[in-house]
Amino acid sequence: MKILVAGGAGYIGSCTTEYLLDRGHEVVVYDSLVKGHRDAVDPRARLLHGDLADRDRVFEALRAERPEGVIHFAAFIEVGESMRDAALYFRNNVANGLNLLDAAVDCGVRKLVFSSTAAVYGMPATVPIPETEPTKPINAYGESKLIFEKMLRWYNEVHGLGYTALRYFNAAGATERRGEDHHPESHLIPIILQAAMGQRPHVQVFGDDYPTPDGTCIRDYIHVSDLAQAHLLALESPLCGSFNVGSGSGFSVKEIIQVAREITGKPIPVITAPRRPGDPPRLVSDSTRARTELGWTPRFDDVRTIVASAWAWRQRHPNGY
Ligand code: UDP
C-alpha cells in the first residue's frame with residue numbers, strides 16, 4: 001500500500017513509519033518539523049517538508065503522491081499547554097487538520113486513520129473504559145481531538161471518506177532506532193529517564209492527593225510498536241469508527257517511577273508538585289473492540305518491557321535525536 005503519514009517525524013508517527021516500511025509498504029512522510037525530528041524519519045521513507053496550515057502544499061502533496069491510505073499524527077499533544085493556550089490546539093489540531101481531510105477527499109483516499117486520545121473521555125464513570133463511555137473532555141487537547149473525530153464521521157457520511165480514530169492511552173517505549181524526544185520534554189517516562197541519567201535533579205509528581213490507592217494518577221501505558229500495529233490493521237480494515245488502544249492495565253505515577261528505578265538501577269529522586277490542570281485521576285482502556293474487530297494483538301504490553309525499551313533508546317541517545 002502507498003501511505004502518506006502526516007506527522008511522520010514525531011514520536012508515534014516515526015515508529016509507525018518504520019513499522020509500515022518493515023512490512024513492505026511505501027511511505028511518504030509529510031511533516032512541518034516544528035515538533036518532529038528530521039533524523040526520526042526512516043531513510044526508506046520520502047520526507048515532504050510542509051505544514052498542514054499550508055492548504056496548497058497539502059493538496060499538492062496528496063495530488064502528486066496519490067496515496068491509498070493516510071495516517072494523521074500531525075497535532076499538538078500536551079494537555080498542560082492546551083490549558084494555557086486553547087486556541088493553539090483548536091487552530092492546529094482542528095482547523096489545519098481540515099486541509100488534510102479536504103485533500104484526502106479530493107484525491108480519493110480510501111481510508112484515513114486518525115490519532116485520537118483517551119483524553120476524549122474526560123473523567124470516565126466506567127474504568128476500564130469502553131468506547132461506549134460518554135465523551136466529555138476536561139482539557140482543550142482532548143476536545144480538539146473529539147471535534148476532529150466528529151468531523152471524520154461527517155466526512156464519511158457526506159464524502160464517503162473511510163476512517164478509523166484510534167484513541168490512544170499513554171504511548172510509551174521505543175524501537176531500536178526510534179524513541180520519545182520532545183523539547184521541552186513533558187511526558188512522564190522520558191522525564192523519569194532523564195532524572196535517572198542525572199540530566200534533571202528530580203521528577204515532579206503532579207499531585208499526590210488523587211482518589212487512587214497511592215494518590216497519584218493512574219494511566220495505561222502502551223508500547224509504541226503495538227500502536228503502530230493498530231494503525232496498519234485499521235488501514236486494512238473496512239470498518240469505520242473509534243477504537244481504544246491500550247494495554248488494559250493501569251499504573252500510577254509512583255509505580256512507574258519504581259519500575260524505572262528497578263530497570264535503571266538509579267535512585268530517581270522525586271518531589272511532589274501541584275496537580276496539573278486537566279489531568280483525570282484514572283485512565284485505563286477496555287480495548288476489546290480493537291482486539292476482536294481489528295484483530296489487534298499487542299506484543300509488548302508489559303510495563304517493564306516498555307520502560308526497558310525506552311531506557312535502552314535513551315542510553316543510546318542521551319540527548320535525543
Ligand atoms: N506526570 C508527572 N510528572 C511529570 C510528567 C507527567 O507526574 O513530570 C504525570 C501526569 O500528571 C500524568 C501522567 O504523569 O498523570 C502521565 O503524563 P504524560 O504527560 O506522560 O501523559 P498524558 O497522560 O498527559 O497523556
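These values consider heavy atoms only, across backbone and side chains, with no hydrogens, waters or symmetry-generated copies. Atoms within each ligand, like the ligands themselves, are counted from 1 in listed order.
- Residue I191 has no N or O atom closer than 3.5 Å to an N or O atom of ligand 1.
- Between Q194, K254, R276, E78, it is R276 that holds the heavy atom closest to atom 24 (O) of ligand 1.
- Less than 4.0 angstrom separates some heavy atom of C217 from each of these atoms of ligand 1: 15 (O).
- Side chains of D220 and S285: a donor on one and an acceptor on the other come within 3.5 Å.
- Side-chain contact, Y321 with R38: no donor N or O sits under 3.5 Å from an acceptor N or O.
- When H187, H202, E180 are ranked by how near their heavy atoms come to atom 18 (P) of ligand 1, first place goes to H187.
- The shortest contact between atom 11 (O) of ligand 1 and any protein heavy atom is with D279 OD2, 2.5 Å.
- Taking distance alone, with nitrogen or oxygen atoms compared against 3.5 Å, N170 approaches ligand 1 more closely than that limit.
- The existence of a salt bridge linking E60 and R57 is confirmed by a sub-4.0 Å separation between a basic side-chain nitrogen and an acidic carboxylate oxygen.
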Under the side chain to side chain contact (heavy atoms under 4.5 Å, CB included) rule, what do M1 and E236 come out as? Steps first, then yes or no, please. CA-CA 9 Å; M1 219 186 304; E236 290 168 340; 3.8 Å; yes
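- When only modelled atom types and interatomic distance are considered, S32 and H49 share no side-chain donor-acceptor pair under 3.5 Å.
- Residue R219 touches ligand 1 through its side chain alone, judged by heavy-atom distances below 4.0 Å.
- Note on ring orientation: taking the six-membered ring where Trp is involved, the planes of Y89 and Y141 are perpendicular (angle over 60°, cut-offs 30° and 60°).
- Between L188 and ligand 1, a contact under 3.5 Å exists for at least one N or O pair.
- Taking a cut-off of under 4.0 Å to the non-hydrogen atoms of S186, the atoms of ligand 1 that pass are 5 (C), 19 (O).
- Remark: ligand 1 atoms within the under-4.0 Å shell around heavy atoms of V205 are 7 (O).
- In this structure, of Y168, F169, F206, Y141, the residue bringing a heavy atom nearest to atom 7 (O) of ligand 1 is F206.
- Checked by atom type, the side-chain pair T17/D42 shows no donor-acceptor distance below 3.5 Å.
- In terms of modelled atom types and a separation under 3.5 Å, the side chain of N139 and the main chain of G278 share a donor-acceptor contact.
- Close to ligand 1: V253, with a non-hydrogen atom less than 4.0 angstrom away.
- The proximity of L283 to ligand 1, defined as any non-hydrogen pair under 4.0 Å, does not occur for either the backbone or the side chain.
- Atom CG of D226 sits about 13.0 Å away from atom OH of Y168, to the nearest 0.5 Å.
- For ligand 1, the atoms lying closer than 4.0 Å to a non-hydrogen atom of Q204 are 2 (C), 3 (N), 4 (C), 7 (O), 8 (O).
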